[in-house]
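What follows is a set of notes on a single structure, which appears directly below.
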Amino acid sequence: MAEEKKQGLKSSLEHIETLAVDDQNCGGKSSWDCVLLSRQSGRTGAKAFIDMICDEFMEIHGDRTYGDDPAMIGGIGMVEGRAITFIGNRKGANFRENVACNYGMSNPEGYRKALRLAKQAEKFGRPVVCFIDTPGAYPGLGSEERGIGEAIAQNLKVFSTLKTPVLCFIIGEGGSGGALGIGVGDKLYMLENAVYSVITPEGFASILLRDPSKAKEAAEAMKMTSQHLKQFGVIHDIIEEKSPEQTAALIKQTIIRDFDNLCSKPVEHLVRYRLQKIRGIGEVKGGKEWWHPLLEVFSRTQSLR
Amino acid sequence: MTEKTIRCPQCQKDVHVDDHKICPYCNFHFPLTVDERLALFADEGSFEEMSSTMQSKNPIDLAGYEEKILENQKKSSLRDAATIGRCTIDGEPVVVGIMSFSFMGGSMGSVVGEKITQAMIEGALTGNPVILFTASGGARMQEGIFSLMQMAKTASAAALLEETRTPLFLVLTNPTTGGVTASFAMLGDVILAEPGAIIGFAGPRVIEGTIGEKLPEGFQRSEFQMQKGFVDSIVTRESMKQTFSFLIKTHKRRS
């Protein structure tokens, strides 16, 4: 049994390696290939991208309530003369860092740090960039006791009406509510091999297919790759993956282009567009008569202010 | 009042319960149907359902999902896991949303997300308080990424209530977990819970699997969440109407 597992692991490791070197292969990757690539150790993480994109960067720690969560990096960077707040999930670049960063699984203080930094950015009119790369929020005792649900919920609410532009990039694993907790913004991009889903394929397989070994099939059925999510209109665009430096350069170009555009718009328009976009996601039959009033709500918020 | 005999899933005794459906031995609160729930607080005959025809699609073309929906519709005589509408409480108009755990574990897909959003928008437009009852195992996996996005949608609707200064009251019932906890369930101006309800983000088994030990007694129950500061008050079925009346009276929008 153990031997079999080892063999399986070895062949899937070899498989990832062939995928990683074969640049031409991008069209032919299966969903499961993307799952493996998005989780691959040594994949460029948020910290590395921040360092490659920023001319200067200052990390800011702590949520001012409980502590600092190493699984969430936050700070202020300068990118070609523009100050930007960066927030990202951090998995760590090697085994020791992985452990220190809890494999990128944040506790509530991580989300509250992100919230604090987002509000600070709003106050000073700085745009925000979020890098998403987490298997999910941490399902532990302390995490529950300190209200992981409440922390994520607050982020969703505040980010949806944050009065400054927000760009989100899924750079690796986009794991469920833990990813969404820093994933609400004006535009959402995905790296080519990143994935984004409501549950892991393993979880989906064990709950819905009643067989944890069917994770591969689950990954296909869940439609969690960048290609699928672009077809669904959930993400704005896919960013091609090349060498880490080249990928960072593409992300940087996107950031500069979008902020040149978004930062010149009145924030009310930005927020209105963001809310309309969020409202539009979902597939239902019937009950459409209640769709219109959003615009009326906006005018109402103006008149009440 | 009608009396019924049912088996209590918590203490395994056969018990007689009245309309409030509470186990006399262990205080287990049985799930209520939408009508039984409304009867606890709404003025008689005042409920008008909104978007009653809304139904699920199969957004990620998952095999078997449509059959699953049909099966649940037959079993529960509901169209999906949320019912919304307007009613009055002691004459005061409110918007109500009620989740039903009996429909696919109360999971939140596009229909639940849209209905809860519509209820909140109706509140924002009229200024009437919004009261939401949650009962959910979390996001509806069968709708893939669309179910995750309902968390953002319902939370952003709560932001609109904030902007329009419309009161939002939550009543968390057993169980309230996953994506519902991590979105609108935790965003009320006042968050109430029924006694003994499981309330949390990760399910108890997932946490036990992560930490490798048994969870302490009472973990994630309403009383625990109140002690930890996430539930404002525990409300009995008997006092529900009175509690809402008080909240409506004390949460008038300042003009």
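Letters go in sequence order (proteins before strands), and every chain restarts at 1. Here the structure is a predicted model, which means the values were calculated and not measured.
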Nearest 0.5 Å, what's the [atom1]-[atom2] distance between [X] and [Y]?
| X | Y | atom1 | atom2 | result |
| --- | --- | --- | --- | --- |
| I191(B) | S222(B) | CD1 | OG | 12.0 Å |
| I239(A) | L191(A) | CD1 | CG | 6.0 Å |
| L192(B) | T173(B) | CG | OG1 | 12.0 Å |

Side chain to side chain, [X] and [Y], heavy atoms closer than 4.5 Å:
| X | Y | result |
| --- | --- | --- |
| M108(B) | T154(B) | yes |
| S233(B) | V190(B) | no |
| Q220(B) | P204(B) | yes |
| L275(A) | S160(A) | yes |
| D35(B) | F47(B) | no |

Per-residue contact mode, [X] against chain A (heavy atom under 4.5 angstrom):
| X | answer |
| --- | --- |
| E162(B) | side chain |
| I207(B) | both |
| Q55(B) | both |
| I211(B) | side chain |

Using heavy-atom distances under 4.5 Å, tell me whether [X] contacts chain B through its side chain, its backbone, both, or neither.
| X | answer |
| --- | --- |
| I281(A) | both |
| V184(A) | side chain |
| T161(A) | side chain |
| F298(A) | side chain |

Inset, instruction - Among G144(B), S156(B), A185(B), single out the residue with the greatest number of heavy-atom pairs under 4.5 Å to chain A. - result: S156(B)

Inset, instruction - Flag the one option from T181(B), T210(B), L125(B) with the top tally of heavy-atom pairs under 4.5 Å to chain A. - result: L125(B)

Legend entry - Sorted by number, residues from residues 63-85 of chain B in contact with chain A (heavy atoms, under 4.5 Å):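 Residues qualifying by a heavy atom under 4.5 Å from chain A are absent, so none.
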
Legend entry - Qualifying residue for side-chain contact (heavy atoms from CB on, under 4.5 Å) with C168(A), from I235(A), I182(A), V129(A), L188(A):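 Looking at I235(A), I182(A), V129(A), L188(A), the match for C168(A) under the side-chain contact (heavy atoms from CB on, under 4.5 Å) is L188(A).
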
Inset, instruction - Please determine if E268(A) and K163(A) form a salt bridge, counting it only when a charged side-chain N lies under 4.0 Å from a carboxylate O. - result: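 No salt bridge links E268(A) with K163(A).
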
For the residue pair [X] and [Y], confirm or rule out a side-chain donor-acceptor distance under 3.5 Å.
| X | Y | result |
| --- | --- | --- |
| T166(B) | T164(B) | yes |
| R140(B) | S147(B) | no |
| E220(A) | S31(A) | yes |

Inset, instruction - Mind telling me whether H251(B) and F169(B) have parallel, tilted or perpendicular rings, with 30° and 60° as the class edges? - result: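 The rings of F169(B) and H251(B) stand perpendicular, inter-plane angle above 60°.
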
Inset, instruction - Could you check K223(A), Q227(A), H228(A) and say which one makes a side-chain hydrogen bond (donor to acceptor under 3.5 Å, both in side chains) with T225(A)? - result: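 Single side-chain hydrogen bond (donor to acceptor under 3.5 Å, both in side chains) partner of T225(A) among K223(A), Q227(A), H228(A): H228(A).
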
Legend entry - chain B interface, residue from I199(A), L180(A), V234(A) that has the most non-hydrogen pairs under 4.5 Å: L180(A)

Legend entry - Residue selection (most heavy-atom pairs with chain B, distance under 4.5 Å) from K157(A), R274(A), E296(A):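 Among K157(A), R274(A), E296(A), the one with the most close pairs to chain B is K157(A).
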
Legend entry - N98(A) side-chain N/O to Y103(A) backbone N/O, donor-acceptor pair under 3.5 Å: no

Inset, instruction - Indicate yes or no for a side-chain donor-acceptor contact from T177(B) to the backbone of S136(B) under 3.5 Å, with no hydrogens or angles considered. - result: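 Present.
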
Legend entry - E143(B) versus S56(B), closest heavy-atom pair with distance: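 Taking every non-hydrogen atom into account, OE2-OG, 3.0 Å.
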
Legend entry - Pairs flagged by ring pair (Phe, Tyr, Trp, His ring centres under 6.0 Å) wherever residues 183-227 of chain B is involved - sequence neighbours left out: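 Those involving residues 183-227 of chain B are F219(B)-F224(B).
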
Legend entry - Contacts with chain B made by residues 133-149 of chain A (heavy-atom distance under 4.5 Å), listed by residue number: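 Expected list: A137(A), Y138(A), P139(A), G140(A), L141(A), E144(A), E145(A), R146(A), G147(A), I148(A), G149(A).
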
Inset, instruction - Write out, in numerical order, the residues from residues 203-216 of chain A with a heavy atom short of 4.5 Å from a heavy atom in chain B. - result: F204(A), I207(A), L208(A)

